[in-house]
Amino acid sequence: MRQRTIAEPYKIKMVEPIKMTTRAEREGLMKEAGFNTFLLKSEDVYIDLLTDSGTSAMSDRQWAGMFLGDEAYAGSRNFYHLEAAVREVYGFRHTVPTHQGRAAEHITSQLRVKPGQFVPMNMYFTTTREHAERAGGVFFDCIIDEAHDPQSKHPFKGNVDLAKLQKLVDEKGAESIAYLSIAPCVNMAGGQPLSMANLREVAAWAKKYRLSIIFDATRALENAYFIQQREKGYAAKSVREILREMMSYGEGCTMSSKKDNLVNIGGFLATNNEDFFVKAKEMVVVFEGLHTYGGLAGRDMEAVARGIEEMVDDAYIASRVRQVEYLGSRLLEAGVPIVEPIGGHAVFLDAKRFLPDMPQDHFPSQALAAALYVDSGVRSMERGIVSAGRDPKTGEHRRPKLELVRLTIPRRVYTNLHMDVVAESCQALLEERKKIRGLDMVYEPESLRFFQARFEAR
Ligand code: F0G
């Protein structure tokens, strides 16, 4: 039987005009922005695939909830809605709201990492690693090798390699590990999921050594969808049930609600560990705000609570991930090199294969992202040597194997015709790839340099 189309389980009630600039204008704008797409003005962008973070379209129900904000300093009713939604959907008893994910990472790292301890992660994420390092921790990559190979078609490239963890414990002892920071749908690997079987094994292993798993649950829902689609025994389960089972293997999570939770701002730290909760509550007051608002307005917490309830709809998440797959398939048909399998939140162009002659020191992904903007006004993001930053000990560039450009799809925002425009632009660039020039970095911030670094054409 032919596969039937699944359309979005919603219709559009409000629109926001976007405008196309001319190629000559975009050439000037890109130069002015130092060849860094983060430094472009949003109004100069036609299709904005910079990130899926905080860029979702909220539903009428969420917007209605914004008018029910209880803007009290303490004990806002919206906090209790948020707490109830997290309990119900993620299964964690205690919630500490934060203004976004990295604030929850900051609190977690400060409370749970002792200087010199390792923090194993299934590949790094920029802010997560940064906070672990600021707390004196040492990042340890425990993802399977396939994740570093953009052409490996492993269905669960986000899996943890237990042998790597075992080696660390054998050599350094379990007490040298702060906790396991496990991210479903690994962003930097291309939005690749881990399997429930892997998670179960990691949890059993961690228990043996009395180590905790603290999830970076940012895109856990998208991971739940892949488990439903790809893993034996889960086809008949709802994403809601799958997500709940995934989270049951962790002691808690940090969360950027700006992704899965379908809001423009917000995050939280959630846990079943009383002691961690009490300490986190004390710390959030110093950095974010009282523990019943954590830097968010009451209305924002209401939108998060409603987003959490809405996201666990099988039809919604299917249409969401399938749109990403649609863009990826179009690119594959056109022969554009991308990371496979296609991820949950983004399609990643493989800049190493796109620009095989450009040395990594000429920042190929940065150059490709700039060229894409000049061609069509599509904004993407570098995820290669610039994002990887420098080794804090040696001061050398970290040289990641993956040199990628991320085309990140906001949730419920663009149609598949927008995806067609993006695919056609990538194809046009591939045909003219010889014309894409490398870059020199002329300004480099000390940390998270990709956000503000500036470049010039070589
Ligand atoms: N963890 C992951 C896996 C993320 O992708 C992000 C943010 C964070 C944590 C931090 O959350 O932004 O709310 O403070 N990722 C964004 C992105 C910035 O574009 O991928 P935040």
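Atoms within a ligand are numbered from 1 in the order they appear, just like the ligands themselves. Everything quoted here is computed from the prediction, not taken from an experiment.
- In Met123, neither the side chain nor the backbone holds a heavy atom less than 4.0 Å from any atom of ligand 1.
- When hydrogens are left out, the protein atom nearest atom 13 (O) of ligand 1 is Ser256 OG, 2.6 Å; that is the closest non-hydrogen contact.
- Of the N or O atoms in Lys258, none lie within a sub-3.5 Å distance of an N or O in ligand 1.
- Considering backbone and side-chain atoms together, Gly101 places an N or O closer than 3.5 Å to an N or O of ligand 1.
- The distance from the OG1 atom of Thr292 to the OH atom of Tyr73 is 8.5 Å, given to the nearest 0.5 Å.
- When ring centroids are compared, Tyr90 and Phe268 come within the 6.0 Å threshold.
- In this structure, the protein non-hydrogen atom closest to atom 1 (N) of ligand 1 is Asp216 OD2, 2.5 Å.
- The closest protein non-hydrogen atom to atom 8 (C) of ligand 1 is Phe125 CE2, 3.5 Å.
- Between the side chains of Asn159 and His154, no donor-acceptor pair of N or O atoms lies under 3.5 Å.
- Under a 4.0 angstrom heavy-atom cut-off, His345 registers as lying outside contact with ligand 1.
- Under the 3.5 Å distance criterion, with hydrogens and angles disregarded, a donor-acceptor pair is assigned to the side chains of Gln360 and Glu403.
- Near Thr51, the atoms of ligand 1 lying under 4.0 angstrom from a non-hydrogen atom of the residue are 17 (C), 19 (O).
- In this structure, His94 and Phe277 have parallel ring planes: the angle between them is below the 30° cut-off, well short of the 60° mark.
- Asn187 and Arg383 share no side-chain donor-acceptor pair at under 3.5 Å.
- At a 3.5 angstrom cut-off on N or O pairs, Thr127 does not count as close to ligand 1.
- Using modelled atom types and a 3.5 Å distance limit, the side chains of Ser212 and Glu251 yield a donor-acceptor pair.
- Residues Thr51 and Arg406 are in side-chain contact: their nearest non-hydrogen atoms beyond the backbone lie under 4.5 Å apart.
- At least one heavy atom of Lys259 lies less than 4.0 angstrom from ligand 1.
- By the 3.5 Å distance cut-off applied to N or O atoms, Arg383 is not counted among the residues near ligand 1.
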